[in-house]
Structure formats: C-alpha cells, structure tokens
Protein chains: 2
Amino acid sequence: MKNPAGTNSADKILAAATRIAQAHGYGGLSIRDLAEDVGIKAASIYHHFPSKADLAAAVAKRYWEDSAALLEAMWKELNDPLAWLRQYPNTFRKSLENENRICLCSFMGAEYDDLPQPVKDEIQRFADVNVAWLGKALSAASLVDADETERRARAIFAAIAGAQLMARSRSDITLYDALLESYRAAGLLPA
Amino acid sequence: MKNPAGTNSADKILAAATRIAQAHGYGGLSIRDLAEDVGIKAASIYHHFPSKADLAAAVAKRYWEDSAALLEAMWKELNDPLAWLRQYPNTFRKSLENENRICLCSFMGAEYDDLPQPVKDEIQRFADVNVAWLGKALSAASLVDADETERRARAIFAAIAGAQLMARSRSDITLYDALLESYRAAGLLPA
DNA sequence: ACCTGAACACCGTTCAAGT
DNA sequence: ACCTGAACACCGTTCAAGT
C-alpha cells in the first residue's frame with residue numbers, strides 16, 4: 001500500500017460517491033458534481049473507474065464490506081445477544097443523522113430497474129450480510145424458533161429500511177426512533 | 001365533463017407519468033419518454049402542465065386521492081375490522097404485480113432531497129391518508145391501546161413500505177408475502 | 001499514470017408557427 | 001384549443017490527445 005487509506009484519488013472518489021448516492025441515488029449521482037467534490041474534472045473520474053456502472057458497483061461493494069466489518073466489530077464489542085439487537089438499528093440511524101441520508105441499499109432498491117447488473121449484485125450482498133448477521137443474533141438470543149430465525153431476520157431488516165425511508169420523507173429522525181419503539185412494542189424486535 | 005375519465009390527454013399523461021414514476025422515480029421521469037408513451041411530442045406536454053414539477057405534483061395528488069377512494073371502498077365492502085387489516089397489504093402487492101413497481105410515496109421518499117416542495121406535500125398526504133385509515137381500522141379492531149393506535153398505524157405503514165422495497169430489489173413477490181407473514185407472526189399485524 | 005478539451009447524446013424548457 | 005419543429009442551455013459520458 002502506497003498511501004494510508006482514504007488519501008488516494010480512488011478512495012476519495014468512492015467516499016464522495018457514496019455520500020452522493022445515499023442522498024440522490026444512482027440516477028442522481030452526477031459525475032460532474034462528484035468530480036468537483038473531489039477537485040478534478042469529470043473526465044478524470046473515468047481514469048479511476050471505467051464507467052459509472054463500475055464506479056457504482058465499487059461503491060456498493062465497499063458499502064457492504066464496511067457494513068460487515070462494523071457488524072463484526074459490534075459482535076465482538078458486546079457479548080449480550082439482546083444488546084446486539086438493541087444496537088443494530090443505530091447503524092441506520094447514523095445515515096439519517098448524516099444530513100438525512102439513507103441506506104444505499106434502500107435507495108438503489110427503489111432504483112432497481114435502472115441499475116446495471118453488477119450494481120444489483122453488490123446491493124443484494126448488503127442485504128444478505130445484514131440478514132445473516134441478524135439471524136445469528138436472533139439465534140444467540142433464542143428469541144424465535146430455529147426454523148423462523150431467517151424469516152424474522154429478513155422481516156426486521158425490511159421493517160428498519162421502511163422506517164428509515166419514512167423518517168427521511170419527513171426529515172424527522174425522531175420518527176425513526178418512534179417507529180423502532182413501536183416495532184419493539186409490537187414484538188417484532190425484543191423490548 | 002366532456003369525456004369519460006381517462007380518455008382525454010391530461011388523464012392519459014397523468015396515468016402514464018404515474019406508471020413511469022413508480023418504476024423510475026421523479027428523476028427518472030423523462031418528459032420526452034412520457035410524451036412518446038402518450039403519443040405526442042415533448043413540447044405538447046407543456047400545454048397540459050406548466051412544468052415537470054407541476055405534473056409530478058398532479059400525479060402525486062391523484063395518487064393519494066385514488067388511494068383514499070380505494071381504502072374507502074374497501075371499508076364499505078368489508079365489515080370485519082380484521083378483514084380490513086388483512087386486505088390492506090394487497091394494495092401494495094398490486095404495485096409489485098404490476099411489473100415490479102413500488103408505491104410512488106416510497107420512491108419519492110427516497111428522492112426527497114431532489115423533490116420540488118409541492119411534490120413533497122402531496123407525497124406526505126399519501127402517507128397521512130394511509131396512516132389515518134390504518135388507525136381507524138386498528139381502533140375498530142381494538143387490537144392496541146387507544147393511545148398506541150397512531151404509533152402502531154405508522155409502524156405498519158413503514159414496515160409494509162420496507163417489505164415492498166425489499167421485494168422489489170429481489171424482483172420476488174413471494175418475498176413480499178413472506179415478509180408480511182413474518183410481520184403477522186411477530187405480532188405487528190393481526191394473524 | 002493521470003488529466004483534460006471537445007464532442008456526443010440527452011434533458012427540461014421555450015417559442016414561433018402550424019392545424 | 002391543441003400540437004409541433006427547432007432551438008436553447010444544460011448535463012452525463014466518451015474519447016483522442018495532452019503532460
């Protein structure tokens with residue numbers, strides 16, 4: 001590695017592109033704006049990534065990799081299964097705190113029809129990683145029957161994505177908290 | 001009224017624009033494509049709607065009005081509170097059946113940052129109408145405490161939107177059904 | 001390797017001119 | 001009233017040419 005992480009152009013482009021895509025989606029990710037953000041010309045972006053599709057796929061790949069690392073760290077940091085499930089929604093809350101952004105996976109889920117296949121694949125990996133982690137946590141907590149953990153994990157993931165989306169469309173992060181509290185009160189998540 | 005509903009140009013434009021927006025969003029709604037869909041030239045769209053923002057606001061307005069009428073009809077057709085709550089997710093299922101489209105409100109919720117204010121307002125009305133209806137149904141069913149109905153109604157709406165989004169990103173309508181079943185098993189919706 | 005000007009195809013929008 | 005071709009200023013994207 002020549003440079004520390006985040007200091008070379010490709011890293012800067014990926015970081016800026018992620019921020020833009022979380023607020024404006026794939027369609028709203030403008031190469032000209034992105035280039036200006038990074039401090040180069042639009043055409044120069046294509047020196048680092050062969051196309052917008054490749055760039056977006058790289059963004060989505062790094063996105064789920066970072067998410068996996070974060071979940072792994074949380075797993076090691078806490079040792080209470082209920083604490084894992086308590087903490088989990090916070091990663092989605094962070095996006096809203098970050099200027100009302102949402103999960104890349106949610107935005108691109110909406111844009112699904114217009115996504116290049118490689119981007120679709122990486123986006124699905126994000127959901128897979130999250131659902132798998134939730135399944136592990138649910139199993140450890142012994143909250144639902146073994147043959148129901150996978151289904152429940154998916155339901156929790158979908159419901160949290162929906163809560164994030166609704167909170168964004170009201171620009172109201174307290175709505176996100178209230179929705180999560182309702183999920184807990186209803187029994188979808190442990191109280 | 002000169003023509004039956006849906007036969008004049010403005011109606012055809014609104015219907016086509018709605019379909020496009022449910023698949024590609026506000027940003028993905030191209031006036032040129034829309035015009036071709038309707039069989040006129042792009043410039044002619046502006047004879048019926050002064051701007052894209054006005055068109056989108058009209059689309060969103062009609063969308064929640066249609067939704068309100070549909071919910072009203074369902075209310076009158078069935079007389080069992082539990083049947084209302086059973087039937088409700090079907091309206092969202094219909095969008096997915098219709099070539100993997102999603103609720104206009106969900107897509108534009110993601111695009112929130114890029115929406116003209118009049119469009120934002122109409123989109124919020126859709127959520128308001130749906131949450132209010134769900135609240136009425138929950139009250140009638142006496143499923144949750146009176147001071148919890150509003151919160152629960154919002155939670156159900158958000159969770160269903162999330163399920164629809166996740167199902168779209170997998171192009172898998174059976175996933176939508178499975179998620180709804182999990183919500184019921186978990187206690188978010190009546191079984 | 002890294003960057004760029006210029007070109008291309010597209011977009012929302014306008015307008016004068018048609019029926 | 002309703003429609004249109006042509007034009008405008010713009011933008012994402014590409015590519016050949018620079019250093």
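A, B, ... follow the sequence lines: proteins, then strands. Residue 1 opens every chain.
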Original post:
Does D:dC15 have OP1 or OP2 sitting under 4.0 Å from an N or O in the side chain of A:Y46?
Top reply: no
Subject >> Between D:dC11 (P) and A:I31 (CD1): distance, integer Å >> reply: 14 Å
Subject >> Spacing of B:D33 atom CG relative to C:dG12 atom C1', expressed in whole Å >> reply: 12 Å
Original post:
Do any side-chain nitrogens or oxygens of A:S30 fall under 4.0 Å of OP1 or OP2 in D:dC11?
Top reply: no
Original post:
Can a salt bridge be assigned to the pair A:E99 and A:R19 using a cut-off of 4.0 Å between side-chain N and carboxylate O?
Top reply: yes
**OP:** Report which part of the nucleic acid B:L55 touches: base, sugar-phosphate, or nothing (heavy-atom distance under 4.0 Å, all strands).
**Re:** nothing
Original post:
OP1 or OP2 of C:dC3 less than 4.0 angstrom from a side-chain nitrogen or oxygen of A:H48, does that happen here?
Top reply: yes
Subject >> Residue-phosphate contact under 4.0 Å: A:K41 side-chain N/O, C:dC3 OP1/OP2 >> reply: no
**OP:** Counting Watson-Crick and G-U wobble pairs whose two distances are both under 3.5 Å, find the runs of 3 or more in a row that involve DNA chain D.
**Re:** C:4-8 with D:12-16, C:12-16 with D:4-8
Original post:
How long is the line joining CG of A:D54 and P of D:dG12, in whole Å?
Top reply: 18 Å
Original post:
Would you call A:R93 and A:D177 a salt bridge, using N to O less than 4.0 angstrom?
Top reply: yes
**OP:** State, yes or no, whether a side-chain contact exists between A:Y176 and A:R168 at a heavy-atom distance under 4.5 Å.
**Re:** no
**OP:** Could you label the plane-to-plane angle of the B:W84 and B:W133 rings as parallel, tilted or perpendicular, counting under 30° as parallel and over 60° as perpendicular?
**Re:** perpendicular
Original post:
Just how far, in rounded Å, is P of C:dT4 from CD of A:E36?
Top reply: 13 Å
**OP:** Quickly work out the A:L29 CG to D:dC11 P distance and round it to whole Å.
**Re:** 15 Å
**OP:** Go through D:dT13, D:dA1, D:dA6 for me and flag the one nearest to the B:A43 side chain.
**Re:** D:dA6
Original post:
Between D:dC10 atom P and B:R32 atom CZ, what is the distance in whole Å?
Top reply: 16 Å
Original post:
Any side-chain N or O of A:S44 under 4.0 Å from OP1/OP2 of C:dC2?
Top reply: no
Subject >> Single-linkage hydrophobic cluster, 4.5 Å side-chain cutoff, A:Y112 and A:W64 together >> reply: no
Subject >> Proximity to the side chain of B:S9 - top-ranked nucleotide from D:dC3, C:dC2, C:dG12 >> reply: D:dC3
Original post:
When clusters are formed by joining ILVMFWY residues with side-chain heavy atoms under 4.5 Å apart, either directly or through shared neighbours, do B:L180 and B:L78 land in the same one?
Top reply: yes
**OP:** Round to the nearest Å and state the distance from A:I45 atom CD1 to D:dG12 atom P.
**Re:** 11 Å
**OP:** Determine, for A:Y46 and A:K52, whether the Lys NZ or Arg CZ falls below 6.0 Å from the six-membered ring centre while staying within 45 degrees of the axis.
**Re:** no
Original post:
Separation of B:I40 atom CD1 from D:dG5 atom P, in whole Å?
Top reply: 12 Å
